[in-house]
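Let me begin by presenting the structure, written as structure tokens, before commenting on it.
Throughout, protein chains are lettered first and strands after them, A, B, ... in sequence-line order, and every chain is numbered starting at 1. From a predicted model like this one, the values you see are computed outputs, not experimental measurements.
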Protein chains: 2
Amino acid sequence: MQPRPRTIPEATVARLAVYLRVLTTLADGGRSTVSSGELASAAGVNPAGLRKDLSHLGPCGVRGVGYDVGALRDRLTGVLGVGSARACVLVGIGNLGSALADYAGFGTRGFEFVGLFDASPARIGQRVGDLEVRALDELEDVVTATGASIGVITTPAEVAQTVCDRLAAAGVRSILNFAPVPLAAPAGVDVRKVDLSVELQVLAFLGQQRVPAGVGESA
Amino acid sequence: MQPRPRTIPEATVARLAVYLRVLTTLADGGRSTVSSGELASAAGVNPAGLRKDLSHLGPCGVRGVGYDVGALRDRLTGVLGVGSARACVLVGIGNLGSALADYAGFGTRGFEFVGLFDASPARIGQRVGDLEVRALDELEDVVTATGASIGVITTPAEVAQTVCDRLAAAGVRSILNFAPVPLAAPAGVDVRKVDLSVELQVLAFLGQQRVPAGVGESA
DNA sequence: AGCCGCTTGTGAACGCAGGAACAAAGTCCC
DNA sequence: GGGACTTTGTTCCTGCGTTCACAAGCGGCT
């Protein structure tokens with residue numbers, strides 16, 4: 001007996017996270033109710049699409065009035081599973097890794113880094129944010145001890161697969177990969193990839209496509 | 001006279017960038033030809049999809065043999081518009097901005113940062129990578145002088161729209177936005193968004209969905 | 001109490017991306 | 001020179017995501 005189907009499209013989940021952020025802002029501003037139109041505008045999406053996204057959670061609005069800001073925020077918090085802080089480990093403390101470890105957007109949104117790891121002896125022992133960088137050898141122990149369920153990989157491409165394997169073997173079930181290689185993970189482990197240079201290249205293509213005549217005139 | 005339709009789907013363009021990276025690696029390794037199956041495996045996609053992606057560029061392989069690594073790489077380089085280095089400016093030199101300015105993956109792939117900007121006087125004058133952080137006032141002058149066509153925003157959310165407006169007014173045609181707000185840009189300016197906390201939240205949801213013990217039963 | 005306007009939630013149509021199967025073409029071997 | 005194998009390029013089909021448009025429900029006003 002499950003009145004609502006458990007399957008929520010990934011694209012919808014991504015937008016729910018955006019709605020949650022907007023709702024938090026609105027709640028801080030003292031707003032009590034919002035209409036789908038206003039919320040959609042603040043989130044940068046279509047109002048009808050927003051309502052369809054929310055319909056996956058069952059009815060959570062009042063017709064003729066709109067959505068209760070606090071209630072909807074709490075509902076989204078529960079559905080997205082960010083009610084209790086989730087323990088994350090980060091492997092590869094280079095420039096990008098350090099930035100992520102210090103990124104306020106994570107800590108304030110239900111995620112807590114409980115371990116930073118690097119292979120370079122020069123980095124081990126350094127403090128980044130409020131954590132100390134540890135040797136890669138301790139990875140499995142820390143994952144087990146903290147019950148970390150999320151791993152972030154910001155290592156060079158060559159070692160990303162090895163790190164992925166170790167994370168998966170240690171019990172991590174979700175991996176966010178910034179290394180520019182496709183990772184193979186065992187069943188039961190989700191991998192998401194963020195490729196920053198690809199984003200730039202898509203942007204470059206779109207800009208070039210727009211002006212097909214003599215665009216690279218940087219001289 | 002345009003033998004091939006100019007419309008290439010965005011999803012395809014993103015994958016073309018991945019193929020280009022793999023091809024570069026293969027070329028460095030001395031490979032001369034590759035089959036679609038091998039290339040697809042290295043890129044983490046379906047072979048049929050890869051061939052379909054490449055078909056947007058017209059025939060560029062030899063049946064019975066495969067693709068010429070060097071030729072295909074050059075073709076992709078041309079299509080993606082990364083043949084000549086593109087000038088980029090980066091606004092918001094916090095942790096993330098510093099990491100991006102230093103990220104080797106950009107410089108080696110046809111992108112060159114020509115200006116780093118921040119509003120905080122404490123950061124102005126600091127060296128990041130091989131550039132000096134400049135005052136935000138100089139943004140327009142630098143964009144004009146260098147002909148930068150790409151802007152990257154890593155500022156706090158509150159000022160992202162203002163920066164976006166100034167970039168667009170100065171002549172930047174493509175913007176990569178890391179701030180967690182939807183940006184409105186005039187026609188002719190492309191905006192792509194990368195939201196790191198959303199990626200983590202999607203991951204958290206998928207991990208939670210896999211183990212539905214004690215979901216938020218708010219009833 | 002009844003009506004009206006506003007907003008949500010849902011159903012259907014459209015377009016797009018992804019995957020699989022098939023035909024064309026070139027090469028290697030006999 | 002001919003046949004067969006390999007690999008590309010294309011075509012069809014299925015499924016998903018998005019959008020538009022309508023019906024249902026609730027509050028407020030008369």
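A/V143 and A/A170 make their closest contact through CG1-O, 3.5 Å (heavy atoms, listed as atom of the first residue, atom of the second, distance).
For A/A104, there are no side chain to side chain contact (heavy atoms under 4.5 Å, CB included) partners, not counting sequence neighbours. With sequence neighbours excluded, no residue forms a salt bridge (Lys or Arg N to Asp or Glu O under 4.0 Å) with B/R51. Listed by chain and residue number, B/L176, B/R192, B/V194 satisfy the side chain to side chain contact (heavy atoms under 4.5 Å, CB included) test with A/E199 (two or more places apart in sequence, or in another chain).
Residue-level contact check: B/G66 touches the backbone only, with heavy atoms under 4.0 Å from sugar-phosphate atoms and none from bases.
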TODO: At under 4.0 Å between heavy atoms, which parts of nucleotides 25-30 of chain D does protein reach? Answer with one letter per nucleotide, 5' to 3': B base, S sugar-phosphate only, - none.
DONE: BBS---
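With contacts defined as side-chain heavy-atom distances shorter than 4.5 Å, the pair B/V163/B/F117 does not qualify. In this structure, A/R73 and A/T24 have side chains that are in contact, with non-hydrogen atoms separated by less than 4.5 Å. Side-chain contact between B/V82 and B/L20 is present, with heavy atoms from C-beta onward closer than 4.5 Å. Taking the side chain as every heavy atom from C-beta outward, A/S98 and A/I93 approach each other to under 4.5 Å.
Distance from the side chain of B/K52 is smallest for D/dC12 among the nucleotides D/dG17, D/dA21, D/dC12.
Where DNA chain C meets chain A (any atom under 4.0 Å from a heavy atom), the bounding nucleotides read 5' to 3' are C/dC6 to C/dA12.
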Open item on the list: Wobble G-U and Watson-Crick pairs count when both distances are under 3.5 Å; given that, what is the 5' to 3' dot-bracket string of DNA chain D, with | for pairing to other strands?
Closed with: ||||||||||||||||||||||||||||||
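For the atom pair OG1 (B/T162) and CG (B/L183), the distance works out to 10.0 Å, reported to the nearest 0.5 Å.
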